[in-house]
Amino acid sequence: MDRRSDIFSFGAVLYEMLTGERAFAGATTPDVLEAVVKSDPDWSKLPAQTSPAVERVLRRCLVKDRKQRLQAIGEARIALENPESGAEVPGRAGGPPHGILWWKLAAAALLLALFALGFVHFREAPPEQRTVRFHILPPEKATFQFPSISPDGRMLAFTANGQLWIRALDSLEARRLLPETDVGGITFWSPDGQFVGFVSQGKLRKVAVSGGPAQVLCDVSGVFTGGTWNRDGVIVFGQVPSLFRVSEAGGAPVQVTKAGEAGQVQILPEFLPDGRHFLYTASAPKAEGTGIFVGSLDGEPPARLLPDFSKASYAPVGQSGYLMFTRGDTLMAQPFDPARRRLSGSSFPAAERVSKLLTIGGVFSVSRKGTLVYAPGGGSFATQPEKRSSASDLGQESETTGEWNQTLRTN
């Protein structure tokens, strides 16, 4: 991102002012992003009276290759004031240059977000408060289920139509990891982001992101309710009604938690940064047995943090961070010290109208880099998600979409 990005935006605005149409159009945000990367504006839409000097400036502003683009906006003024000084743009009649790398899609997404929200606003904001929002479409004829963001915030794992998929957030394409079609809904990541854990045919398994066959880790005899993986190679997973641990190399699972009372069910474990303590959600006939708890691999008594029945995740920000959970269809955040396992201050809304599953509350996932993915739209049982750029903008007003059944939104 540099001044040439601003010049590209200037060209897009000028084109729309002259033609009444967008320079890069599409039915959905991914379609627009693809048009930015692959297509040229329809130059035939320019009014017949458009001067050659103006068209040359437009072409120089919107050329894909940044080296061929105007290098400073002052060049546009000079070209318009001195029409004879303008030079033809290479490849005037051709399509987009070859060799455009896919990583430029990420830059295009950022560019469009800045274009929509205003460059001035972003220049005035500190870097840690900058936000990028965009939507992700599921594979064709499929819907997202239980999205899980990688620890580095770059990849998304999800199941769709019983299949396991992975997608880089700067890519237009999702990639199916396995040929099987009976993969359970919930996925989780290894701490290095090299493997994805999941359940299929009553077995807890892992598969390399790079591809290859899945490895069986252990049997899962009950309903699988999520997993989490620490840097010591320990996996904690939910198997109704309790939580169990197993080595990343496989073996016999060992029960980690015991139901606090008859009828209590413990689900959705997630390790805290120390790799010894973990969050989990519990439901019980009595109110005191329901809520968000902290458990331990070392056998410490569990401690209840909140009475809300919701998935809980830790979002790192600075030296501390936030506990993320849902209350109704609102994604909430509350200051949380993971070392002391203590909440402080008051909770506040981080996003409104978050779709939820009746059994776990809101559908969202947080990376160790603070990237937040969640499903917009509100209502119960949704099958597609949305991503928020960073936990550093918690508390700021969140944009909502109502496109839960069509897109995954990312900020």
Side-chain angles (χ1 to χ4, degrees), residues 1-47 50-123 127 130-137 154 167-173 389 410:
M1 295 294 295
D2 59 23
R3 62 179 180 270
R4 292 171 296 184
S5 304
D6 293 23
I7 291 169
F8 188 93
S9 293
F10 166 77
V13 172
L14 183 57
Y15 178 93
E16 186 168 352
M17 291 173 67
L18 290 169
T19 65
E21 298 182 13
R22 292 186 178 184
F24 306 97
T28 65
T29 300
D31 292 337
V32 174
L33 300 184
E34 185 175 13
V36 169
V37 174
K38 294 184 176 182
S39 304
D40 278 336
D42 185 351
W43 300 113
S44 67
K45 298 288 186 180
L46 290 174
T50 303
S51 72
V54 171
E55 182 175 352
R56 283 196 297 267
V57 168
L58 269 179
R59 289 177 178 271
R60 289 294 301 275
C61 289
L62 295 176
V63 66
K64 307 294 186 185
D65 188 345
R66 290 178 296 172
K67 295 180 180 179
Q68 296 186 45
R69 197 177 303 159
L70 294 182
Q71 300 300 293
I73 196 62
E75 294 181 31
R77 177 181 56 80
I78 293 172
L80 293 174
E81 291 178 347
N82 302 279
E84 299 305 318
S85 66
E88 293 294 332
V89 177
R92 173 168 182 159
H98 296 290
I100 294 177
L101 301 177
W102 278 108
W103 61 262
K104 288 189 177 180
L105 180 60
L110 179 59
L111 175 63
L112 288 181
L114 294 175
F115 174 75
L117 298 177
F119 284 98
V120 174
H121 168 76
F122 280 95
R123 287 196 188 99
R130 295 183 179 179
T131 300
V132 180
R133 296 179 175 92
F134 59 96
H135 297 266
I136 298 176
L137 291 175
R154 295 174 179 267
R167 173 173 171 165
L169 294 184
D170 61 355
S171 171
L172 287 174
E173 299 293 333
S389 72
T410 117

Walk me through whether Tyr15 and Trp43 qualify under side-chain contact (heavy atoms from CB on, under 4.5 Å). CA-CA 9 Å; Tyr15 178 93; Trp43 300 113; 4.2 Å; yes
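Leu62 approaches Gly11 most closely through the heavy-atom pair CD2-C, 3.8 Å. Pairing each heavy atom of Ala35 with each of Ala25, the nearest pair is CB-O, 3.8 Å.
Proximity of a side-chain donor or acceptor of Lys64 to a complementary backbone N or O of Asp40 within less than 3.5 Å is not detected. A donor-acceptor contact shorter than 3.5 Å links the side chain of Gln71 to the backbone of Arg66.
A search for side-chain contact (heavy atoms from CB on, under 4.5 Å) contacts involving Leu18 returns Leu14, Leu46, Pro47, Val54, Leu58, not counting sequence neighbours. With sequence neighbours left out, the salt bridge (Lys or Arg N to Asp or Glu O under 4.0 Å) criterion links Arg69 to no other residue. For Ala72, the side-chain contact (heavy atoms from CB on, under 4.5 Å) partners are Arg3, Glu75, not counting sequence neighbours. In this view, Arg77 and Glu81 satisfy the side-chain hydrogen bond (donor to acceptor under 3.5 Å, both in side chains) rule, not counting sequence neighbours.
Taken to the nearest 0.5 Å, the CG atom of Asp170 stands 11.5 Å off from the CG atom of Leu33. Ile73 contributes atom CD1, which lies 5.0 Å from atom CD1 of Ile7 (distance to the nearest 0.5 angstrom).
Residues Glu16 and Glu21 have side chains not in contact (no heavy-atom distance under 4.5 Å, counting atoms from C-beta outward).
When the shell of 6.0 Å around CZ of Arg154 is examined, it contains 12 or fewer heavy atoms from other residues, nucleotides or ligands.
A salt bridge does not link Lys67 with Asp65: every distance from a Lys NZ or Arg NE/NH1/NH2 to an Asp or Glu carboxylate oxygen is 4.0 Å or more.
Residue pairs satisfying the ring-ring contact (aromatic ring centres under 6.0 Å, His included) criterion with at least one member in residues 16-36, sequence neighbours excluded, are listed as follows: Phe8-Phe24.
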